[in-house]
Each structure stands twice: as structure tokens, then as C-alpha cells.
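Below is one structure; the comments refer to it alone.
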There are 2 protein chains.
Amino acid sequence: MSGLPEIPDATVARLPIYRRSLVQLISSGESTASSADLADLAGVNAAKVRKDLSYLGTYGVRGVGYDAEMLLIQIDRALGLEFETPVVIVGMGNLGQALAHYGGFQSKGFPIVALVDASDDKVGQEIDGLTVSHFDDLARTVSENGISVGIIATPADAAQKVCDALVDAGVRSILTFAPTVLQLPDSVPVRKVDLATELQILGYYQQREGGEDAETA
Amino acid sequence: MSGLPEIPDATVARLPIYRRSLVQLISSGESTASSADLADLAGVNAAKVRKDLSYLGTYGVRGVGYDAEMLLIQIDRALGLEFETPVVIVGMGNLGQALAHYGGFQSKGFPIVALVDASDDKVGQEIDGLTVSHFDDLARTVSENGISVGIIATPADAAQKVCDALVDAGVRSILTFAPTVLQLPDSVPVRKVDLATELQILGYYQQREGGEDAETA
DNA sequence: ATTCTCTTGTGCATTGGTGCACAAGCAGTA
DNA sequence: TACTGCTTGTGCACCAATGCACAAGAGAAT
Ligand SMILES: NC(=O)c1ccc[n+]([C@@H]2O[C@H](COP(=O)([O-])OP(=O)(O)OC[C@H]3O[C@@H](n4cnc5c(N)ncnc54)[C@H](O)[C@@H]3O)[C@@H](O)[C@H]2O)c1
Ligand SMILES: NC(=O)c1ccc[n+]([C@@H]2O[C@H](COP(=O)([O-])OP(=O)(O)OC[C@H]3O[C@@H](n4cnc5c(N)ncnc54)[C@H](O)[C@@H]3O)[C@@H](O)[C@H]2O)c1
């Protein structure tokens, strides 16, 4: 579809960090950003920054750096952030409600436009200006609102069912908090956030305290 | 300290998934687990499972598989899960409160034993059986409770300060939700969970919808 | 004892990621 | 125009991770 040249996974995972760093530089008045500046703010090697950015095209100027505004536009284009991406949260328990209240998604281009739960306790309730709708109406909720991202915040044992329903409803990518492996078509990308897993990973490095790092990929 | 042979990062990140799969097999009555079983539940390649587990030692039996209970013990030993690891949450806003209410940490060996905030609105409040203590008392809170993990759930601009305070207080590893790069000594491992970043990564893969995967590392 | 079946453990080739080091090239100055 | 200072873009060598493929070994059956 897009004529872009295929960006390595490791690079894609860093683009949002560069973006954040860049926004920071811009808001502090800089109009150009060098790879060294970005490397510093992003906590990585400057050569890596340059190689990563080179996948977007040749937007740097030797001897000067990158034009900050231009680079931001290019990163946004690569990440598909030119347009807003509406999100639905499924599962309005502890976590789902915290996510619904969080303003950070809206401001980053991912407005939360619908909330869904299966429990009668939750359905109909108003949370942060949105009325919780029923899981059975998911397909309609998704299509009516043009939703393309689904966030799963249900217990693990409901996650696969919710996942299937989201895919059927036409959601194009999924972010899950449920600690379980989801089965889904290759055409729908998933990211998993599992907090207990993160703590367990820390346990390993903490145990052999003494230096090795534990970078989040 | 431990005479263990140094486990690759990629393997460490998968051990918690194997652990979860193993617990699942055990609770469904299995007493042995083959690499194929585990691979299936964990959503990875069977050869990878075997190579990963081989870093723990030689606990499999050819023709049979792994003794489930024994393997669980070995994974727990590698991850330092033999003993409970007390946790403090700093920042009792939306997210901090959701985390405090979540029972999953306790049951996975990471009891939340203290809650901290800097705002007078929050300090003194009781949440889930714990009284929120003041940020200025962090050092005492950490040492009195033998806390070794700190979770940062404050806004990004307070995160570095909180991080420094946690390290000074003697915390041995950190999990942060603040969307910012933290500066801290190599001896203290960190893991970062950044939800906006996750959504942006999904944006890339969604844009070039058509097959490439987007595995969480 | 021999054979057959099943599963581990690992050697090896391949792929992906990292970072050093340097030539290429722009801007500003004289 | 020629020179200087700075920063990009990338070739290259290294290291980590992946997964195929197979020999080695365990147990069951005959
Ligand atoms: N709360 C946390 O801080 C936290 C931390 C780490 C992981 N998690 C994970 O996040 C998930 C949610 O956690 P939580 O604490 O919010 O749980 P919760 O029990 O508070 O909320 C779960 C919600 O999902 C709803 N639900 C159940 N089945 C559903 C279905 N089929 N369709 C729609 N909604 C359904 C329930 O009605 C409930 O409102 C869990 O998988 C949990 O393991 C939560
Ligand atoms: N809520 C979410 O769903 C969500 C999602 C993604 C990321 N995050 C990130 O998690 C962090 C917390 O988000 P939130 O929505 O809970 O924010 P919040 O504003 O609701 O809560 C922040 C809390 O931190 C406290 N605080 C501020 N400075 C402090 C300090 N120095 N020491 C101790 N406490 C301090 C505040 O008093 C407040 O109670 C933010 O960095 C946010 O970007 C939150």
C-alpha cells in the first residue's frame, strides 16, 4: 500500500521514543535536532539513531542535523499518526477504568471512543463521558464508530473470546493486558503488556545484581 | 552470587511465559510437560523452548519430557521467585490505584506492601487496606518494609526525581509507567511500560496491514 | 536382548541487530 | 574559491537470536 521501504522491528519500536524526544526538543525551542541530541534524550547510541532515521528517507543535513518539524512529520507518517485512530476498551474493571480516565491516549492521537463490558453492573454506567455498552453489541459499536484498535482489559479467561469478537468486528490491531497467549490471524498485529511478567523478569536481573541491564524492547 | 550460567535476555523474557504455561498444564492434571506442549501454550517454536530450558540445566528426560513440578521449581529459582518480593507503588493516581487494587501481584509473589504519593489529597487515604504514606518518608518506608521493587506511576515530569529517591532508598529494581527515559545506575535494572508507545508501534504494523507480525519482546 | 517410538539437547547455518569508524557533504568564513 | 568545522549516512565486523535437523538416550513392547 504505502511505498515505504520496510522498517526493521527494532527500529519501529524506537520511533515512538524518538518522537517523544523530538517533541521535547521542539517545545524547548530547537528547530533542528542532531542525532546526538536525540540519542541523549532517547537514551541510545547516536549511530543507532541515524541508522534508524535513515529508514524513513534522507531527511538529515550533514553538518547541521535534522529539521525538527520535518522529522516529526516523517515519523508520524511512518507510524500512521497522520490521522486519529479511534480505540475501544473492552473490560471496564480496575484497569479498564484507569485507562478510560487517562488523557494521554487522546492527546497522542488515539481517542477512546467506546467502552465495553459484559457485566450488567457495568453496562449503561457512564465513565468519563462515555456510556459503557454491551459486549454483545461489539460489532455494531466498532463499525459505527470506525474503531480500528481494541484494548483488552478483561480477565485472562475471557480474553480469547473477546479477541475473536474484536477481530470479527473488524478491528485492525489489538493491545492486550490479559496474561495469556492469544490466537489470531497474522493480519492483525498484537502487542501484549503483562505486568506480572515484567516483575518476574526484573527478578532475574535483580538476583544477579551487579550490572547487566534489562532493557525493554 | 548464584552459580548459574548466565541466561540470554531473550530467554529470560520468555521464562515467565513458560512458567504460566506450565502452571496451566499442572492444574489440568499433567505431571510431565513436553517442549511441544509448552511451545503450543506459549505460542513459540518447540526448539526454542528446549534451548531456553537448557540454560536452567538438564531437567528433561528424552522420550518423556520435563517433570512439571521440577521444571517449575527450576524456573522459579532462575527468576528469584523462591521468596516473596515486596513492592512499593509511588503515585496513587488513576493508574496507581488500579494497580493497588489488583490481586495478581500478590498471587504471583510480589505483594504490594506500601503506597506512596506526594499530594496531601492522597496521603493518609486508605486504599485496599494500606494507608498512603508521604513521598518524603520513602526511605523509611522502603527500609522498614524490606521493599526491593519500586513501581513508578507518577506523571513523567516527576519520574526522574522519584526514581532517584527509590534508588537512594535502596530499592533493587524498578518498573516504570512514566513515558520518559530514566537515568539510573547500571546496578538497578528497570523495565518500562509505555502504553502510548505500544499503540504507536501498532500503528506502523496496522498501516502496512498484510502480514508482518508485531511480537512483544 | 532387540527393536520401535518418542522427545530431549545441541551443532550449525541464517538472519537480525548493534555500534565503530570514516568518507561524503553542507554551511559558514575568509 | 578554498578552507574549516561539524554532522550525516553507511560499510563492516561483531554479537545475539532463531530454528532446522539430527544424533543420543529413555522407556515400552515383543
Ligand atoms: N488491574 C491491574 O492493575 C492489572 C495489572 C496487571 C494485569 N491486569 C490484567 O488486566 C485484566 C483486567 O484486570 P482488572 O483488574 O481490571 O480486572 P477486573 O476483574 O477488575 O475487571 C475485568 C472486567 O472485565 C469484564 N469482563 C469479563 N468478561 C468480559 C467479556 N467477555 N467481555 C467484556 N467484558 C468482560 C468484567 O465484567 C470486569 O468488569 C486482567 O487480565 C488482569 O490480569 C490488571
Ligand atoms: N492512567 C493510565 O491509564 C495510564 C496509561 C498510560 C500511561 N500512564 C502513565 O502513568 C503515570 C500515571 O498516570 P495517572 O493517570 O495515574 O496519573 P495521575 O495524574 O492520575 O496520578 C499521578 C499521581 O502521582 C502523584 N505524584 C506526583 N508527583 C509525585 C511525586 N513526586 N511523588 C509521589 N507521587 C507523586 C500525584 O499526586 C498523583 O496522585 C503517568 O506517567 C502516565 O503517563 C497512565
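Proteins come first, then strands; the chains are lettered A, B, ... in the order of their sequence lines, and each starts at number 1. Scope of the values below: all heavy atoms of this structure, side chains included, with no hydrogens, waters or symmetry mates.
Taking atom CZ on B:R50 and atom P on D:dA17, their separation rounds to 19 Å, with Å as the unit. Here D:dG19 presents its C1' atom at 12 Å from CG of B:D52, a figure rounded to the nearest Å. Atom CG in A:D67 sits about 15 Å away from atom C1' in D:dT7, given to the nearest Å. Rounded to an integer number of Å, the gap from A:L38 CG to D:dT8 C1' is 13 Å. Regarding A:D9, its CG atom lies at a distance of 15 Å from the P atom of D:dA17, rounded to whole Å. The NZ atom of B:K51 sits 9 Å away from the C1' atom of D:dA17 (whole-angstrom rounding). The nearest whole Å value for the distance from the CG atom in B:L15 to the P atom in D:dA17 is 13 Å.
Contact annotation: A:S35 side-chain N/O to D:dT7 OP1/OP2 distance is not under 4.0 Å. OP1 or OP2 of D:dT18 sits under 4.0 Å from a side-chain N or O of B:R14.
Backbone-only engagement by A:A10 is indicated by non-hydrogen atom pairs under 4.0 Å involving sugar-phosphate atoms exclusively. As judged by a 4.0 angstrom heavy-atom cut-off over every strand, A:T11 is placed among residues making no nucleic acid contact.
Residue whose closest nucleotide on DNA chain D sits further toward the 5' end, between A:A47 and A:V64: A:V64.
Of all heavy-atom pairs spanning B:A169 and B:A139, the tightest one is CB-CA, 3.7 Å.
Side-chain atoms of B:V61 lie closest to D:dA26 of the nucleotides D:dA26, D:dT8, D:dA17.
If you take OH on B:Y18 and CD1 on B:I75, they are separated by 9.0 Å, rounding to the nearest 0.5 Å.
Under a 3.5 Å cut-off, the side chain of B:Q207 and the backbone N or O of A:R77 do form a donor-acceptor pair.
Between A:D9 and B:Y205, the side chains place a donor N or O and an acceptor N or O closer than 3.5 Å (distance only, hydrogens not considered).
Along DNA chain C, read 5' to 3', the first and last nucleotides having any atom under 4.0 Å from a heavy atom of chain B are C:dC6 to C:dC12.
The side chain to side chain contact (heavy atoms under 4.5 Å, CB included) test with A:I174 is passed by exactly one of A:I151, A:V90, A:V167: A:V167.
With sequence neighbours left out, the ring pair (Phe, Tyr, Trp, His ring centres under 6.0 Å) criterion links B:Y102 to B:F105. A:L130 is linked by a side-chain contact (heavy atoms from CB on, under 4.5 Å) to A:I112, A:L115, counting only residues two or more places apart in sequence or in another chain.
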